[in-house]
Amino acid sequence: MLGKLSWDVIPFDQPLPMIASAVVALAILGVLAWVFLAGHFPYLWREWITSVDHKRIGVMYTLLALLMLLRGFSDAVMMRSQQALAFQAPGYLPPDHFNQVFSAHGTIMIFFGAMPFVIGLMNLVVPLQLGVRDVAFPTLNSVSFWLTATGALLVNISLVIGEFARTGWLPYPPLSETAYSPGVGVDYYLWAVQISGVGTLLTGINFVTTILKMRAPGMSYLRMSMFCWTSLAASLLIVAAFPILTATLAMLTLDRYFGFHFFTNEAGGNMLMFVNLIWAWGHPEVYILVLPAFGIFSEVISTFSSKPLFGYRSMVAATLFICIVSFMVWLHHFFTMGAGADVNAAFGIATSIIAVGTGVKIYNWMFTMYGGRIRFATPMLWSLGFMVTFVIGGMTGVLLAVPPADFLLHNSLFLVAHFHNVIIGGVLFGAFAGYTYWFPKAFGFRLHEGWGKLAFWLTLIGFYVTFVPLYAVGLLGMTRRMQHFDVSAWYPWVLAAGVGMLITTAGVVAQIVQLVVSIRQRAALRDATGDPWDGRSLEWATPSPPPVFNFAALPHVEGEEPYWSIKQRAREQNRLRDEPDYEPIEMPRNSPTGFICAFFATVMGFALIWHIWWMVALGALGALATFVVFAWRDIPEYVIPAAEVARIDRANRSARREALVTYTGPRP
Amino acid sequence: MLLRVIVRNCAAIRLGCLGATILLVGLLAGCQGGVLDPQGPVGAAQRTILLNSVAIMLAIVIPTIVATLGFAWWFRETNTRARYLPEWAYSGRIELVVWSIPILVILFLSGIIWIGSHDLDPMKPLDSQQKPLEVQVVSLDWKWLFIYPEQNVASINQLVVPAGRPVHFSLTSASVMNAFFVPQLGGMIYTMNGMTTQLHLQADQLGEFYGRSAHFSGDGFPGMQFVLHAVAADAFDAFVNSARSQGQALDKASYQELARQSIDVPPSTYRSVEPDLFHEIATQGVPPAPGPQAGRPEPSVSPATGG
Ligand code: HEM
Ligand SMILES: [Cu+2]
């Protein structure tokens, strides 16, 4: 009846996960109880859960990402403290637990932390920057988000019911095959990643369509903002790469569930095929993460230098170059598996060629600052921290792309330091820059600068104090994923990394405090005009937060920096543009499709993990039925009357007029 | 102007240099055992390539970092002496330079990659007057089996080789993937069931060198370590003789026993080895080693039940 499920699978005898999950469960229940008792549920349901508004979905993605970053971060704290205690000692986490922790850490950080963060910012910003009202497929967008949330939920359920994978964030066979991992851990991994992967693929399709097909009048490709370009590149990579992941994991699933032999030791299975395929997705994946971050930095550096982006066309070229070459380098993840010298050399060279595109970008950002008037607001600090840090991470990456050097460094903590160097210093700093930069757009008030700067410095210092020792100890031959170790030369470095973790923790706390303080002081931090940073791209032409329809009248784009030219003209003439002719606007109706579909997907995923076949059928049928019902809907849209559009736009115009009158900066 | 910016940032740079020096001194002092302290020709050559590549890249990385910070500081909003160029967004000449610098560096590095990959191909025999010692390596859950086919002995979690003589390793795995890694000798390589990889190494001096698995292989992974003893030729013979005179014989039956999962296995030796055992393992003539379910009726589903 209940497949493999029984009371034994709940680790009652292990206080750590039990207490942790009890606290989390209580917190969730508390929030839910409060929501229902205080009567907030209808609001949440109407305005958020069933919303198909790209801005709302973007906010929910970001919230999910922040929560999962916290979860992943607590895993990191456990790993660092375990290793600090485990020199010639067992530490406090037994191997089976420690191995779950690092596997969950990687999985959560990549799939449920970094990915939703960049996708959330893309959702919030891309339609605004394109000057349109929504993405191409708004309901599909909601489905994407809720499927991602399903994956995140499944990973967290594994904390209490059963176990998570103990195979690392990429479950290399044969270790991940039933013979060596008979438990449900790998199955949790597989279904969580598969289900959220569907969501990601749909996002990719949605954004490729949106960017290629739905730009404001006059916005040719070469007038799109850099963030739109990098989002397009990332979405193209998603569309091209995620099917590989899905197929690869599907094969592993067939191995595990039906005794196939794609990757097993026996019966002609080939584990190297898995390694090839997973990295054919995995390397593009790192660029899916970092390209949007590059876009954010381009926006931020140009805005806070009060200058256009230097070498725009060169930046576009570099982005597309990276996009294409990132599919031709995957073998650098296994130089040490004994491919011949020609193969290793070819992939090593291809890999270092990617660094050319990245190098060009760094120089263009530098020259964007040249001749600027740089304001060191928090987003700009993250960007500067990124430029310095990422150059170092890129350098160690190229070093690892030299096969004879990789023979010494592969799978050591040097490698771990490299990819944290680029993922924290690149993706995360970018996401935090974007978060502080666009927060006022999403909520109508800025984040507190003081706490933001403190968070930046603590995170930056914490990063270096954690990962410079890991580079060093990697050079001393320490390998990754060790539950305990016996070599005394490694010990001081491991301790130093632990100290870095403490500093980083302070940074995380500062970030949380910043949010709380900002919410409490929101009146003082109010962004009345919708243009708090003296921005240059179209999202700043809308009120903060923007109305559902974004633009009262779609803007006509006449150059690379559409909003900047509108603003300059207004400053020149000391008056706003004429009021547009307000017309009624059609917007897509809310739909619970995404949420209900994800509910059934959760049921199905859970049932698949535990082999509860009737429940699998139930979940699959439910999800299918949801789609059918959605497909048969008769009224897909509703109309916002012209008077309402006019009212909202006039309010914003008057705020902007006031700002224009009191403006004291340079006028053209 | 730029110069002045750089001078102004001197303090920061000096601080950075100080940090780097401390790190370097720390590394060199605590270096024994690391990849920067090689004890054989392969490791030494790889270290040279590593350091050369870093040096080449630092030549542009350091100026880039300095210029980034310098530009950011000089063009700060409050600096009234800095020129403001609100429209300046393109310069063909700068674009040219911006693309050329990384391309030139990568061209240079590509040369190193191509030549280095061929010179240090793990399959390539080392230049030496002496015939290489043959060692067959099998990674098991969770210990290393080293077979000396010419001497017909084997050892667990310890590797004895004559110093100054090349060693030719053939490697495979009895179950899951691992990676054979002796940091001070260089040249990590994977072990995979059903496949054989090759590696040539040599220890120049007498000494004891730490080795371990570099690829995560399950619960017993931290204990998959061994000491490589590089000894004089006669000491090696003595080791072989003493191994021959004691311990079990490694035949199919004792191999089955050995292949079971076990953790933190102390070093030991086998007096003899069934001929062709390595070949049988590598070609799955003996089946892959069992996983955790061996001897356990129920597949474990929870950390509570272990496994
Ligand atoms: C300058 C560009 C880069 C180069 C040349 C580069 C090169 C490499 C190489 C050669 C490896 C494999 C090393 C090994 O396994 O021994 C590697 C690993 C890795 N890189 Fe990079 N990298 C670059 C940028 C990035 C970026 C931007 C990201 C992410 C945003 C990233 C994320 C990773 C990750 C996650 C791994 C290790 C995955 C694992 O083994 O679990 N890299 N990189
Ligand atoms: Cu890669």
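Just so we're clear, the structure is a prediction, and the values are computed from it rather than from any experiment. Just so it is clear: chains get the letters A, B, ... in the order the sequence lines come, proteins before strands, and each one is counted from 1.
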Which one, [options], leads in non-hydrogen pairs under 4.5 Å with chain A?
options                                : answer
B:Leu171, B:Thr48, B:Ile65, B:Ile56    : B:Ile65
B:Ile263, B:Ile49, B:Thr68, B:Leu107   : B:Thr68
B:Pro222, B:Pro183, B:Ser173           : B:Pro222
B:Ile113, B:Thr191, B:Leu109, B:Leu199 : B:Ile113
B:Ala72, B:Gly116, B:Gly194, B:Gly187  : B:Ala72
B:Asp119, B:Asp121, B:Val98            : B:Val98

Region of [X] in contact with chain B, defined by heavy-atom distances below 4.5 Å:
X        : answer
A:Ala318 : both
A:Pro492 : neither
A:Asp187 : neither
A:His97  : neither
A:Leu175 : both
A:Thr167 : backbone
A:Val275 : side chain
A:Met366 : both

At a 4.5 Å cut-off on heavy atoms, which part of [X] comes close to chain A: side chain, backbone, both, or neither?
X        : answer
B:Glu87  : backbone
B:Ile189 : both
B:Ala214 : both
B:Leu120 : both
B:Met177 : both
B:Ile101 : side chain
B:Ile103 : both
B:Ser91  : both
B:Gln46  : both
B:Ser213 : backbone
B:Phe221 : side chain
B:Ser217 : backbone

Is it the case that the ring center of [Y] lies less than 6.0 angstrom away from the ring center of [X]?
X        : Y        : value
B:Tyr90  : A:Phe310 : no
B:Trp99  : A:Tyr363 : no
B:Phe180 : B:Phe226 : yes
B:Phe75  : A:Tyr370 : yes
A:Tyr172 : B:His215 : yes

Say whether [X] and [Y], considering side chains only, have a donor N or O and an acceptor N or O under 3.5 Å apart.
X        : Y        : result
B:Asn79  : B:Glu77  : no
A:Ser314 : B:Glu95  : yes
A:Asn411 : B:Tyr190 : yes
B:Tyr210 : B:Gln225 : yes
A:Arg480 : A:Ser412 : no

Intermediate values then yes/no, side-chain contact (heavy atoms from CB on, under 4.5 Å), B:Arg47 and B:Leu51: CA-CA 6 Å; B:Arg47 180 187 67 168; B:Leu51 294 179; 3.9 Å; yes
For the candidates [options], which exhibits the highest count of non-hydrogen atom pairs separated by less than 4.5 Å from chain B?
options                                : value
A:Ser306, A:Pro404, A:Gly359           : A:Pro404
A:Ala405, A:Gly357, A:Gly338, A:Pro308 : A:Pro308
A:Trp490, A:Phe164, A:Phe414           : A:Trp490
A:Ser305, A:Ser158, A:Gly311           : A:Gly311
A:Ile349, A:Asn265, A:Val388           : A:Asn265

To the nearest 0.5 Å, how far apart are [atom1] in [X] and [atom2] in [Y]?
X        : Y        : atom1 : atom2 : value
A:Tyr312 : A:Thr368 : OH    : OG1   : 13.0 Å
A:Ile374 : B:Trp74  : CD1   : CH2   : 12.5 Å
A:Asn99  : A:Arg166 : CG    : CZ    : 7.0 Å

Aromatic plane relationship, B:Trp114 with B:His118 - under 30° parallel, 30 to 60° tilted, over 60° perpendicular: tilted
Min side-chain heavy-atom separation [X]-[Y] under 4.5 Å:
X        : Y        : result
B:Phe181 : B:Val35  : yes
B:Gln198 : B:Phe169 : no
B:Asn157 : B:Met224 : no

